[in-house]
Amino acid sequence: MSSSPLTTYAERLTEALPRVREQIARAEVVAGRAEGSVRLIAVTKSHPFECVEAALGAGLRDLGENRIEELEAKVEHFGADTATWHMIGRLQSRKTRRAIAVADVLHSVDSLKLAQKVSGAAAHDGRLVEVLAQVNTSGEESKGGFTVDSAFDEIAGMSELPGLRVKGLMTMAPFVDDEAVLTTAFASLRELSESLVAAIDGFGTELSMGMTNDLNVAIREGSTMVRVGTALFGPRTGYTT
Ligand SMILES: *Cc1c(COP(=O)(O)O)cnc(C)c1O
């Protein structure tokens, strides 16, 4: 389809959403997984209110943002109950308070120290906050997350903190097309998840992995939540609040 700036978000979604849903459904079948076992999180970050409006209008109810300021602006504008708001970007520890006030799920708890901060804020507010532990499965310096070597012990520790409900794990694969590299990253998250689930009563089974470029591989390796921006909304506009 045309990426003309005159194409509205709603028009774009009319074609893009069925295409993405179809891609997810096909990947589920190929992987021998149950239909509907992968949840689509629409990543609206860096897109204006109009984008969120179109997403809601198209029936999308899981929205992902990566900056607290932008998440706050969108939640304030659309209301907390219009969607499940996913915080998927790096979280600064001094903003944990604000994060748990607006996000329904934090995907990017990337260290035990940050987990303790979130736990403290949640306990203080008498809350139980849903979180995922972000793991750096690629070893790339630029990526956040628990390092694979210490992830099991640290995430086990995290699961004992008050005020947190650890729903599972999240990762970002390297930005490459090499399927073997992607497979290694996603499979290592799944394996870590399997050992944590086996060892810890009630440890969550969610796997947040897969974006526009790698969602087929992620679903094949067990993803339960894909975070998709570009395939739905086109290139990001650099909108800032
Ligand atoms: C931006 C972002 C996405 C979406 O990426 P696309 O390639 O546009 O689908 C997913 N996950 C995280 C953590 C992101 O920051």
Side-chain angles (χ1 to χ4, degrees), residues 1 3 7 9 12-13 15-24 27 38-48 51-52 54-55 58 60 62-72 74 83-92 95 99 102-111 114 130-146 167-179 181-182 185-186 189 206-241:
M1 87 178 275
S3 60
T7 308
Y9 283 104
R12 194 191 160 89
L13 268 187
E15 287 189 44
L17 181 55
R19 197 171 358 98
V20 169
R21 286 209 197 284
E22 171 67 30
Q23 189 185 352
I24 292 171
V38 179
R39 189 155 141 201
L40 173 58
I41 297 171
V43 177
T44 48
K45 71 177 187 200
S46 296
H47 289 286
C51 172
V52 174
L60 290 161
D62 285 287
L63 305 182
E65 289 286 336
N66 72 335
R67 289 178 50 248
I68 290 301
E69 293 76 12
E70 194 173 331
L71 178 58
E72 286 173 336
K74 286 172 175 168
T84 299
W85 300 93
H86 299 260
M87 172 60 188
I88 62 174
R90 182 165 282 181
L91 196 57
Q92 291 166 279
K95 294 183 182 169
V102 286
D104 296 297
V105 189
L106 304 178
H107 287 235
S108 40
V109 176
D110 59 5
S111 70
L114 179 62
E130 295 194 348
V131 298
L132 301 171
Q134 180 174 352
V135 180
N136 185 346
T137 50
S138 66
E140 289 175 303
E141 290 266 347
S142 62
K143 295 223 160 63
F146 289 88
K167 303 281 288 176
L169 307 179
M170 179 272 211
T171 200
M172 287 177 83
F175 194 72
V176 297
D177 288 328
D178 186 337
E179 247 192 72
V181 173
L182 298 173
F186 294 140
L189 196 73
E206 300 283 355
L207 288 176
S208 169
M209 57 190 200
M211 323 189 347
T212 293
N213 283 306
D214 53 25
L215 71 91
N216 287 336
V217 182
I219 291 171
R220 196 183 65 211
E221 295 305 321
S223 170
T224 64
M225 294 191 241
V226 289
R227 310 175 306 265
V228 180
T230 309
L232 291 171
F233 306 117
R236 283 178 273 276
T237 58
Y239 159 86
T240 50
T241 49

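Whatever order the structure lists them in is the order used to number ligands and atoms, beginning at 1.
Between Trp85 and Val102 the shortest side-chain heavy-atom distance does not fall below 4.5 Å. In this structure, Glu206 and His107 have side chains that are not in contact, with every pair of non-hydrogen atoms separated by 4.5 Å or more. Between Lys143 and Gln134 the shortest side-chain heavy-atom distance does not fall below 4.5 Å. Side chains of Leu91 and Ile68 form a contact here, defined as non-hydrogen atoms less than 4.5 Å apart. Counting heavy atoms from C-beta on, the side chains of Asn216 and Gln23 come closer than 4.5 Å.
Looking at atom 13 (C) of ligand 1, its nearest protein heavy atom turns out to be Ile88 O, 3.5 Å. In this structure, atom 8 (O) of ligand 1 lies nearest to the protein heavy atom Thr230 OG1, 2.6 Å. For atom 6 (P) of ligand 1, the nearest non-hydrogen atom of the protein is Thr212 OG1, 3.5 Å. Among all non-hydrogen protein atoms, the one lying nearest atom 11 (N) of ligand 1 is Arg227 NE, 2.8 Å. With respect to atom 5 (O) of ligand 1, the closest heavy atom belonging to the protein is Met211 CE, 3.5 Å. Nearest protein heavy-atom neighbour of atom 2 (C) of ligand 1: Lys45 NZ, 2.6 Å.
Tested against Val43 for a side-chain contact (heavy atoms from CB on, under 4.5 Å), the candidates Val226, Val228, Leu232, Ile88 yield a single pass: Ile88.
Taking a cut-off of under 4.0 Å to the non-hydrogen atoms of Val228, the atoms of ligand 1 that pass are 9 (O). Close approach of ligand 1 to Gly229 (heavy-atom distance below 4.0 Å) involves ligand atoms 4 (C), 6 (P), 8 (O), 9 (O). Residue Met172 has at least one heavy-atom neighbour below 4.0 Å for each of these atoms of ligand 1: 13 (C).
At under 3.5 Å, a nitrogen or oxygen of Arg236, whether backbone or side chain, sits near a nitrogen or oxygen of ligand 1.
Comment: Lys95 does not engage Glu72 in a salt bridge, judged by the lack of any side-chain N to carboxylate O separation of less than 4.0 angstrom.
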